[in-house]
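Quick caveat, the model's predicted, so the values are computed rather than measured.
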Amino acid sequence: MTAGETLQAIEATFRIERNRLIAGLARLVRDIDRAEELAQDALVIALSEWPRSGVPANPGAWLMTAAKRRAIDEIRRDAMRTRKHQEIARELDGAFEDVTEAIEASMSDDLGDELLGLLFTACHPMLSADARAALTLRVVGGLTTDEIARAFLSNEATIAQRIVRAKKTIGAAGLDFEAPRDAERAARLPSVLEVIYLIFNEGYVATSGEDLVRPNLCLEAQRLGRMLAGLMPENAEVLGLLALMEIQASRLPTRIGPDGELIPLTAQNRARWDQLLIHRGLDALARAEALTGAANDRGPYALQAALAACHARARSAADTDWPRIAALYDRLRVVMPSPVVDLNRAVAHSMAFGPDAGLRLIDEIAATAALRNYAPLPAARGDFLFRAGRLAEARSGFEAAARLTRNAREAAFLLARAEACN
């Protein structure tokens with residue numbers, strides 16, 4: 001393997017393993033900032049050693065071992081400040097393999113996954129809802145502060161401050177970085193679900209960069225959703241979120257054309273949708289609906305999964321049951337009021353009842369502060385106007401959306417739509 005190939009292998013491995021490294025290390029040192037630093041230390045060690053020794057057979061485990069060695073050295077030097085550190089230190093007299101086993105055993109929990117322990121810690125009720133989501137997207141999802149700001153329709157400086165304050169609050173509280181149980185778990189669950197879905201959405205519709213999708217984020221969110229569903233099989237909202245992500249993920253292979261261009265939902269080749277994921281999603285949705293009974297009792301994730309199921313069940317775009325989708329959005333707007341839900345509702349009504357119906361609804365929310373710089377708003381308006389035959393106005397809408405988006409592929413798609421208005 002050449003030096004360049006080794007460097008690529010190191011970078012790829014670190015991207016894949018970064019979140020798991022931080023989660024495991026946070027359990028050991030109880031400090032998110034220090035866990036991130038230790039993960040970076042492991043990367044530096046790999047950059048030094050792998051070009052000489054070659055890429056190890058299990059590079060992820062190698063990185064974790066290197067980071068834990070560094071952490072253990074620090075624990076020794078700091079005189080074992082906490083009781084748990086003292087207990088770990090007493091077991092460090094044997095071979096390092098025994099040390100690793102001792103640490104792994106001390107960090108086990110009933111979820112069997114360190115990443116979920118970090119996720120529940122980041123979603124602790126002591127933090128504000130916005131801080132929980134921002135912190136989790138940063139340390140679990142690996143998103144930049146700019147990407148998180150776009151997801152929250154906020155600005156980068158505000159998000160950065162939230163993350164710093166959240167880390168300090170968790171550090172001062174001395175949390176165990178373990179998944180809670182019973183009532184405490186139920187109390188934290190809504191924010192955990194929210195964050196998992198935000199991670200999925202950043203993978204499904206990348207907010208910036210050259211790539212339209214980031215499949216690894218979708219896969220990680222799905223993995224977390226499946227684990228939660230296994231742990232809480234009688235929770236309708238957990239099942240609803242899982243169903244929603246599985247069905248949406250089924251479309252990932254068809255969202256991008258051969259040249260990297262965006263393919264909208266109505267133009268996708270449905271024969272290429274992943275039928276296994278659709279089957280899993282519909283099964284999870286059926287279980288969620290069986291638990292809730294009446295439609296009016298369903299939560300936001302079960303309702304959104306029902307929306308996704310309408311598309312999954314339609315054999316073609318023309319077969320889509322848009323009136324049902326519009327009705328589901330009417331209900332979702334009550335259960336989960338949000339400017340983005342209102343915008344999606346306008347899209348659904350435009351498809352069900354004509355572009356003028358969509359324009360009426362979009363005019364009602366156009367002045368909403370949270371949507372002022374939100375590219376999908378002028379993009380939706382442009383689409384409604386295009387279908388209404390008002391091409392000059394439609395062109396202006398698409399061009400405005402292209403200026404607002406931070407994703408290069410999405411901007412190219414919007415400019416192509418603007419050009420089609422000539």
* **Pairwise distance CE(Met351) to OG1(Thr266) - rounded to 0.5 angstrom** => 6.0 Å
* **Sidechain-backbone polar pair: Arg298 side chain, Thr292 backbone, donor-acceptor under 3.5 Å** => no
* Asked: Do side-chain atoms of Ser338 reach the backbone of Val340 as a donor and acceptor pair under 3.5 angstrom?
  -> yes
* Asked: When rounded to the nearest 0.5 angstrom, what distance separates CG in Leu282 from CG in Leu277?
  -> 11.0 Å
* For atom CZ of Arg226, decide whether the heavy atoms of other residues, nucleotides or ligands shown that lie under 6.0 angstrom number more than 12. => yes
* Asked: With sequence neighbours left out, what residues match Phe200 under ring pair (Phe, Tyr, Trp, His ring centres under 6.0 Å)?
  -> Tyr204
* Structure fact -> Taking every heavy atom of Pro253 against every heavy atom of Ser250, the minimum-distance pair comes out as CD-O, 3.5 Å
* To do: Determine whether Leu361 and Asp342 make a side-chain contact, defined as any pair of heavy atoms from C-beta on separated by less than 4.5 Å.
  => no
* Cationic N near anionic O, under 4.0 Å, Asp321 to Arg313 -> no
* Where the side chain of Arg270 meets the backbone of Ala314, is there a donor-acceptor pair that is under 3.5 Å apart? -> yes
* Asked: Nearest heavy-atom pair of Val335 and Gly299: which atoms, and what distance?
  -> CG1-C, 4.2 Å
* side chain to side chain contact (heavy atoms under 4.5 Å, CB included) between Arg132 and His124, intermediate numbers included -> CA-CA 7 Å; Arg132 295 175 211 166; His124 197 282; over 6 Å; no
* Asked: If every non-hydrogen atom of Arg255 is compared with every non-hydrogen atom of Val205, which pair is closest and at what distance?
  -> NH2-CG2, 3.9 Å
* Any side-chain heavy-atom pair from Leu332 and Leu307 closer than 4.5 angstrom? -> yes
* Are Ile163 and Lys167 close enough, and set up right, to give a side chain to side chain contact (heavy atoms under 4.5 Å, CB included), and what steps lead you there? -> CA-CA 6 Å; Ile163 292 171; Lys167 287 179 178 179; 3.8 Å; yes
* To do: Measure the shortest side-chain to side-chain distance between Arg223 and Met227 over non-hydrogen atoms and say whether it is less than 4.5 angstrom.
  => yes
* **Any Arg214 side-chain heavy atom under 4.5 Å of Glu202 side chain** => yes
* Quick one: does Thr405's side chain have a donor or acceptor within less than 3.5 Å of a partner on Ala402's backbone? -> no
* Asked: Where is the tightest heavy-atom contact between Ala67 and Leu38, given as atom of each residue plus distance?
  -> CB-O, 3.8 Å
* **Worked verdict on Gln248 versus Tyr197 for side chain to side chain contact (heavy atoms under 4.5 Å, CB included)** => CA-CA 11 Å; Gln248 287 185 315; Tyr197 192 41; 3.2 Å; yes
* Any donor and acceptor pair, going by atom type alone, linking the side chain of Glu410 with main-chain N or O of Leu262 inside 3.5 Å? -> no
* Would you give the length of the straight line joining atom OG1 of Thr144 to atom CD1 of Ile159, rounded to the nearest 0.5 angstrom? => 10.5 Å
* Asked: Does the pair Asp41/Arg34 count as a salt bridge with the N-to-O cut at 4.0 Å?
  -> yes
* Asked: With a 4.5 Å heavy-atom cut-off, do Met232 and Leu189 have their side chains touching?
  -> yes
* Asked: From Arg345 CZ over to Ile362 CD1, what is the distance, rounded to the nearest 0.5 angstrom?
  -> 12.0 Å
* What distance do Asn373 atom CG and Arg403 atom CZ have between them, rounded to the nearest 0.5 Å? -> 11.5 Å
* How close do Met336 and Pro300 get, heavy atom to heavy atom, and via which atoms? -> SD-CB, 3.7 Å
* Work out which heavy atom in Ile365 is nearest to a heavy atom in Pro339; give both atom names and the distance. => CD1-O, 4.3 Å
* Would Arg417 and Asp383 count as a side chain to side chain contact (heavy atoms under 4.5 Å, CB included) if you check the C-alpha gap in whole Å, the side-chain angles of each, and the deciding distance to 0.1 Å? -> CA-CA 9 Å; Arg417 291 214 64 184; Asp383 181 69; 2.9 Å; yes
* **For Ala166, side-chain contact (heavy atoms from CB on, under 4.5 Å) partners two or more places apart** => Leu127, Ala131, Leu135
* Asked: Hey, which of Ile196, Val195, Asn201 is the one that makes side-chain contact (heavy atoms from CB on, under 4.5 Å) with Ile199?
  -> Val195
* Can you tell me if Arg52 uses its side chain to pair, donor with acceptor, with the backbone of Ser48 under 3.5 Å? -> yes
* **Close side-chain approach of Thr158 to Arg162, heavy-atom, < 4.5 Å** => yes
* **Inter-residue atom distance Leu239.CG - Glu246.CD, 0.5 Å rounding** => 11.0 Å
* To do: Indicate yes or no for a side-chain donor-acceptor contact from Glu237 to the backbone of Ala302 under 3.5 Å, with no hydrogens or angles considered.
  => yes
* Asked: Given side chains that start at C-beta, do those of Ile45 and Trp62 come closer than 4.5 Å, heavy atoms only?
  -> yes
* Hey, does Cys310 have a side-chain heavy atom less than 4.5 Å from the side chain of Leu328? -> yes
